[in-house]
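Right, one structure below, let's go through it.
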Amino acid sequence: MSFNSGSFCSKDENFSYKLYNIFQKLFEFWGPQNWWPAETKFEMVVGAILAQSTSWSSVEKAILNLKKANALTIEGILQTPDEVLANLIRPAGYYNQKARRLKDFCNFLKNEFDSDLNKLFSLDIFELRKKLLSQKGIGFETADSIILYGAQKPIFVVDAYTKRLFYRLGLIESEKIEYNQLQSIFMENLEPRTSLFNEFHALIVKHCKEICRNKKPECKKCCLNEMCGAGTYK
DNA sequence: ATCCTGAGCG
DNA sequence: CGCTCAGGAT
């Protein structure tokens, strides 16, 4: 019985076992990933917004620019003129949009949470997610990243890598699966532990960047090779 | 459909 | 060197 065949999104012992098995194999192969690399929670949130459709190395450059300009604070961002801010985060791509999003988010923090991220993060997961999603420019993945890696609460982050990997493994029927549906599959079959969700997502990203790449996947080196469905990429 | 850079490849 | 493309949100 798998999610492909049975009723979708319910607990499934076998599926649960498979997920833990995949996690274990990835962890044994790659080791701990130590996410999220940020000095402060605010930096983490800024990174999450900048990371939309962008590689981490690009985000790092943008963050460094903000630090150098002493602009990596709520007031710092709010006081930086749009064009200047856009220029600082330029390496992260979509810099005009992202400059606006950063400012919108800072205003939101200032107006609704007294410029205190901890106040926002003290909401329960459901309320926190709703709040974050109500912000223009923050979608499912960004919201969940902030909840998991910023607020340190157990929610599973799904991304393009997650869809690709689990599609290739034959555990979902399509890479176009809805975000919330794939998230439910993980959350209903894994113990809701922040550290587990933290490490699992990070490992999926690592694995998909290095091995299960979009283009030339390195199936020979893949630690999940034996359990990989269809052998399409072998 | 659009917004953008940087990595990867020929 | 120039081209293609990955990557979220609206």
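Quick caveat: nothing in here was measured; it's all calculated off a predicted structure. Below, chains carry the letters A, B, ... as their sequence lines are ordered, and counting in each starts from 1.
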By nearest heavy atom, map Lys216(A) and Ser55(A) onto DNA chain B; which one lands nearer the 5' end?
Ser55(A)
Can you measure Glu60(A) atom CD to dG6(B) atom P for me and round it to whole angstrom units?
13 Å
Cluster check Phe156(A), Phe166(A): I/L/V/M/F/W/Y, side chain < 4.5 angstrom
yes
Out of dG6(B), dG7(C), dC5(C), which has the shortest distance to the side chain of Ala160(A)?
dG7(C)
Which class fits the ring pair Phe200(A) and Phe186(A): parallel under 30°, tilted 30 to 60°, perpendicular over 60°?
perpendicular
Against the side chain of Asn96(A), the closest entry in dG7(C), dG6(B), dC4(B) is dC4(B)
Taking donor-acceptor contacts at under 3.5 Å, does the side chain of Tyr179(A) reach the base of dG8(C)?
no
Atom pair distance, as rounded to whole Å: CG in Asn65(A) and C1' in dT5(B):
13 Å
Protein-nucleotide distance (Phe140(A), atom CZ; dG7(C), atom C1'), rounded to Å
18 Å
Nucleotide of dT10(C), dT5(B), dA9(C) approaching Glu141(A) most closely (side-chain heavy atoms):
dA9(C)
Nearest to the side chain of Lys136(A), which nucleotide is it out of dT5(B), dT10(C), dG8(C)?
dT10(C)
OP1, OP2 of dT2(B) versus side-chain N and O of Tyr94(A): anything below 4.0 Å?
no
Are Leu133(A) and Leu102(A) connected into the same hydrophobic cluster when the rule is that any two of I, L, V, M, F, W, Y join if their side-chain heavy atoms are below 4.5 Å apart?
yes
With the side chain of Pro91(A) defined as its heavy atoms from C-beta on, choose the nearest nucleotide among dC5(C), dG6(B), dG8(C).
dG6(B)
note: Lys215(A), atom NZ; dG7(C), atom P; distance rounded to Å ~ 11 Å
Quick one: which of dG6(B), dT5(B), dG7(C) gets closest to the side chain of Arg90(A)?
dT5(B)
Does a side-chain N or O from Lys98(A) land closer than 4.0 Å to OP1 or OP2 of dG7(C), or not?
no
Report which part of the nucleic acid Arg213(A) touches: base, sugar-phosphate, or nothing (heavy-atom distance under 4.0 Å, all strands).
nothing
Please check: side-chain N/O of Thr54(A) versus main-chain N/O of Gln52(A), any donor-acceptor pairing under 3.5 Å?
yes
For atom CD of Gln52(A) and atom P of dT10(C), their distance in whole Å
8 Å
May I ask you to evaluate whether Thr142(A) reaches the phosphate of dA9(C), defined as a side-chain N or O under 4.0 Å from OP1 or OP2?
yes
Would a 4.5 Å heavy-atom cut-off, applied to side chains only, mark Val158(A) and Asp144(A) as touching?
no
Report yes if a side-chain nitrogen or oxygen of Arg101(A) is closer than 4.0 Å to either non-bridging phosphate oxygen (OP1 or OP2) of dG8(C); otherwise report no.
no
May I ask you to say what Lys163(A) touches in the nucleic acid, namely base, sugar-phosphate or nothing, with a heavy-atom cut-off under 4.0 Å?
nothing
Nearest nucleotide by nearest heavy atom, which residue falls closer to the 5' end of DNA chain B, Ser57(A) or Gln97(A)?
Gln97(A)
